[in-house]
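Remember, predicted model here, so these are calculated numbers, not experimental data. Chain letters run A, B, ... following the sequence lines, proteins first, then strands; residues in each count from 1.
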Number of protein chains: 2
Amino acid sequence: MSKTFHNYPVEQSMKLAVDAVVFGYTKETGLSVLLIKRKIAPFAHQWAIPGGFVHNNESLEDGVVRELQEETGLTVNYLEQLYTFGNPDRDPRYRVVSVAYYALVKPDSFVTSAGSDAEDVSWFAVNQLPSLAFDHVDIINSAIQRLRGKITYEPIGFELLDAKFPFSDLEHLYVNLLGREIDRRNFKRKIKQLDLLIELDETAPMSSAGRPGKLYSFNKEKYFSLKNRGFLFDMSF
Amino acid sequence: MSKTFHNYPVEQSMKLAVDAVVFGYTKETGLSVLLIKRKIAPFAHQWAIPGGFVHNNESLEDGVVRELQEETGLTVNYLEQLYTFGNPDRDPRYRVVSVAYYALVKPDSFVTSAGSDAEDVSWFAVNQLPSLAFDHVDIINSAIQRLRGKITYEPIGFELLDAKFPFSDLEHLYVNLLGREIDRRNFKRKIKQLDLLIELDETAPMSSAGRPGKLYSFNKEKYFSLKNRGFLFDMSF
DNA sequence: GCAAAAGTGTTGTAACTACACCCATGT
DNA sequence: ACATGGGTGTAGTTACAACACTTTTGC
């Protein structure tokens, strides 16, 4: 009876969306996410993470990239699938299953412009989030957890920093993400022995006071060649 | 122009499926996956991982559990979302986006029965897979990678062993999954200091020859209480 | 000269690696 | 008695954690 019903189910009626948790980082604000203010119902005039329905002939990644471009004008430099949220009632209209991604952007890409589907676009520190549409709090929290975990075994933190950065920026990033103090000397020793940094002949431009630090850049080529050889990174502290 | 099109896209036409890579393990066969032989087109009479379309009012997890039950008669004791595969052309009929899960079953649950949607159900060692329908090879390979990674920081290997097992079974499991030899004494020391095993007053039933080993069981309660306190497990070798 | 941030070494401790022999059982 | 697999300890080495003072710059 119910067996027959299962084998010949009614036509599926649900929609597939992609959403993106876009992370940015500055020393001043700490880890932040990019939110848009929705123009249309449901949850009109509420903050939400950027996203939208997948088109019929685009891949999921292409859909995320397109939606980000449309809603925020942003181009990201790191994008990874996070989790698929599919509770039947997560959208009040009808069933929407959402494939969530998370993305990392460098501080110099922070300039955004509200697109046609968004009333406003803005960055929010992750510990000062406004109330959010749908289950987007859950999505953001999953993304934060994932990011926290991932930076301990993959050097993706660099994707949140400028191309040239002082060592202290990296340290502050880790302190902020891990939520506890790190000994500067131990941190520097461990990062240096990964041998993924290029020491530049420049010093950081001054921001207030203190001794300027040497600038470094991330050796992406070396990282990928090590990674492809199956090298394991340990960036836990 | 193209903007207008993007804002009012044609109705979405795709279907959402769930698929499961079910892992089992025995000392004899090593890590194995459960496959079904498809009854219907496309890829009729070819091997595939169990799965099917999500019903309108069930969660994704419920869908996986239902499909596994229907197609293989199996109940799993560990289930985790793996990745969502959404390439537009991964199904020759029309677009099907699949949320893939992976599951672990204990050896005593190996008995399966081909359900109504499957011609046959069988276990295959992961290094002797037959040719597979759709992109199921990719899904299985992702699942293997995930499992390999995960057993180094979460004690999920126990989900592949019987409730009572000799120490050597656990060791062989790790050797098989990691693909290299492990020093027995170092392994035992490290596992024992995690303090997640209960040493039983029984010895293993004899299978061929050799000294029978003491039996252990996994302390699931302790594991969850440690995990909830944020305790980190290190099971790398 | 003082405040603010960057730079730098050492020492004790804990964890990891490498390694070989004896024991209990079945045949 | 022999073959098979289970059980156990140590020593050298390496990585980790904890710790404070000096240097360079802006104001």
Starting from [atom2] on [N], measure out to [atom1] on [X] and report it in whole angstrom.
| X | N | atom1 | atom2 | result |
| --- | --- | --- | --- | --- |
| B:Asn186 | C:dA14 | CG | P | 19 Å |
| B:Phe187 | C:dA18 | CZ | C1' | 17 Å |
| B:Gln193 | C:dT17 | CD | P | 12 Å |
| B:Ile182 | C:dT17 | CD1 | C1' | 13 Å |
| B:Ile191 | C:dC16 | CD1 | P | 11 Å |
| A:Asp169 | C:dA5 | CG | P | 12 Å |
| B:Arg184 | C:dC22 | CZ | P | 15 Å |
| B:Lys214 | C:dC23 | NZ | P | 15 Å |

Exercise for the section: Please tell me which of the listed nucleotides, C:dC16, C:dG7, C:dA18, lies nearest to the side chain of A:Phe167? Expected result: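 When the side chain of A:Phe167 is considered, C:dG7 is the closest of C:dC16, C:dG7, C:dA18.
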Handout entry: Selection from C:dG26, C:dA5, C:dT10 that lies nearest to any side-chain heavy atom of A:Arg211
Key =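 That would be C:dA5.
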Exercise for the section: Would you check if there is a donor-acceptor pair between the side chains of B:Glu80 and B:Tyr101 at a distance under 3.5 Å? Expected result: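 No, B:Glu80 and B:Tyr101 have no side-chain donor paired with an acceptor closer than 3.5 Å.
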Exercise for the section: Examine the side chains of B:Asn87 and A:Ser59 and answer whether a donor and an acceptor come within less than 3.5 Å of each other. Expected result: no
Handout entry: Step-by-step ring pair (Phe, Tyr, Trp, His ring centres under 6.0 Å) determination, A:Phe85 to A:Phe134
Key = CA-CA 11 Å; A:Phe85 295 80; A:Phe134 305 106; over 10 Å; no
Handout entry: salt bridge (Lys or Arg N to Asp or Glu O under 4.0 Å) between B:Lys190 and B:Asp234, intermediate numbers included
Key = CA-CA 9 Å; B:Lys190 201 160 169 184; B:Asp234 175 10; 3.7 Å; yes
Practice task
Specify the residue among A:Tyr216 and B:Asp183 whose closest nucleotide of DNA chain C lies further upstream toward the 5′ end.
Solution key: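 Whichever sits nearer the 5' end wins; that is A:Tyr216.
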Handout entry: Distance test, side-chain N/O of A:Ser168 to OP1/OP2 of C:dA6, below 4.0 Å
Key = yes
Problem - Presence of B:Lys190 side-chain N/O under 4.0 Å of C:dA15 phosphate oxygens OP1/OP2 - result: no
Exercise for the section: Please say which of A:Asp120, A:Leu68, A:Thr72 ends up in a side-chain contact (heavy atoms from CB on, under 4.5 Å) with A:Ile36. Expected result: A:Thr72
Handout entry: Close side-chain approach of A:Ser225 and A:Tyr223, heavy atoms under 4.5 Å
Key = no
Practice task
Using only heavy-atom distances, decide whether a donor-acceptor pair under 3.5 angstrom links the side-chain of A:Arg185 to the base of C:dA6.
Solution key: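 Per atom types, no contact qualifies.
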Practice task
Report the C-alpha distance between A:Tyr153 and B:Tyr153 in whole Å, list the side-chain angles of each, state the deciding distance to 0.1 Å, and finish with yes or no for ring pair (Phe, Tyr, Trp, His ring centres under 6.0 Å).
Solution key: CA-CA 12 Å; A:Tyr153 62 93; B:Tyr153 63 93; 7.2 Å; no
Practice task
On DNA chain D, reading 5' to 3', which nucleotide is the first and which the last to sit with an atom under 4.0 Å from a heavy atom of chain B, could you check?
Solution key: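 Endpoints of the contacted stretch of DNA chain D: D:dT4 to D:dT10.
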